[in-house]
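To start, the structure under review is shown below, and the notes come after it.
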Amino acid sequence: MKSVWVLQGPNLNLLGMREPERYGRVTLAEVQARLDEIAPSLGASLTHHQDNSEGGLVDCVHRAWRAGAHGVVINPGAYTHTSVALRDALLGTALPFVEVHVSNVFARESFRHHSYLSDVAAGVIVGCGTVGYELALRALLARLMPA
Ligand code: DQA
């Protein structure tokens, strides 16, 4: 069984209510429930965290590593585009991770086109809506358990 931490950055607690035309109407609780539903059949156990602060997310990465997590699915929200600290936490722990964005960041403002994480991620899922979390979990597990 692989231990995967699913980390959500700032404002993702508002998923389903925030700009629904962009992010959809599925709430964070529903995303987490769906992932929990499929995880056992994929051979994974999940730990969910959401944090609105940069340091809080860095602490979550450290906690995941100390707890012996095998990998991380992360939507870093706006910190994607700003956070060297989060990049360093993921590099420093060497946890394999898949980066998720619900919206297609490349079809949005140019400041969202750059990610501090993508070049060191195991994979990136962009613009697939909240289904992207499920795709990311499957992709991470395929990486952790090659056929
Ligand atoms: C996001 C994209 C980011 O640019 C934005 O700041 C978010 C959500 C996404 O899931 O599409 O908060 O990560």
Side-chain angles (χ1 to χ4, degrees), residues 2-39 41-42 44-67 69-144:
K2 298 293 180 188
S3 162
V4 174
W5 284 44
V6 182
L7 305 183
Q8 310 277 355
N11 300 306
L12 289 160
N13 51 316
L14 300 182
L15 206 54
M17 294 160 271
R18 154 200 199 202
E19 298 179 78
E21 65 292 348
R22 196 186 295 286
Y23 295 110
R25 295 195 180 273
V26 178
T27 65
L28 183 58
E30 287 166 344
V31 166
Q32 292 169 336
R34 171 68 187 149
L35 293 178
D36 285 338
E37 189 182 312
I38 65 170
S41 66
L42 299 173
S45 72
L46 306 182
T47 303
H48 296 282
H49 282 289
Q50 188 275 333
D51 204 302
N52 286 321
S53 74
E54 185 177 12
L57 278 179
V58 168
D59 285 339
C60 275
V61 172
H62 295 178
R63 279 212 302 283
W65 177 63
R66 271 194 234 103
H70 296 98
V72 168
V73 169
I74 184 166
N75 183 345
Y79 295 133
T80 307
H81 318 299
T82 62
S83 183
V84 177
L86 194 53
R87 175 189 178 89
D88 285 351
L90 288 159
L91 279 177
T93 58
L95 280 166
F97 70 94
V98 175
E99 175 184 346
V100 181
H101 299 288
V102 175
S103 68
N104 180 358
V105 288
F106 298 107
R108 300 180 63 189
E109 305 94 323
S110 58
F111 64 81
R112 295 186 204 273
H113 298 180
H114 177 259
S115 164
Y116 277 96
L117 305 185
S118 295
D119 65 308
V120 291
V124 184
I125 309 277
V126 174
C128 298
T130 49
V131 171
Y133 289 103
E134 186 176 331
L135 301 176
L137 179 61
R138 289 179 186 275
L140 178 68
L141 291 167
R143 194 55 78 93
L144 294 174

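Whatever order the structure lists ligands and atoms in, that order sets their numbers, starting from 1. The structure presented is a predicted model; accordingly, all values stated were derived computationally and were not measured.
- The two atoms that bring Leu117 and Pro76 nearest to each other are CD1-CG, 3.4 Å, heavy atoms only.
- Residues with a heavy atom under 4.0 Å from ligand 1: Arg18, Tyr23, Asn75, Gly77, Ala78, His81, His101, Val102, Ser103, Val105, Arg112.
- When only modelled atom types and interatomic distance are considered, Ser115 and Glu99 share a side-chain donor-acceptor pair under 3.5 Å.
- The CG atom of Leu86 sits 8.0 Å away from the OG1 atom of Thr80 when rounded to the nearest 0.5 Å.
- Between the side chain of Asn11 and the backbone N or O of Asn52, no donor-acceptor pair lies under 3.5 Å.
- Judged by the 6.0 Å distance and 45° axis criteria, Arg87 is not positioned over the aromatic ring of Tyr116.
- Ion pairing between Arg34 and Glu30 fails under the 4.0 Å rule for side-chain N and carboxylate O.
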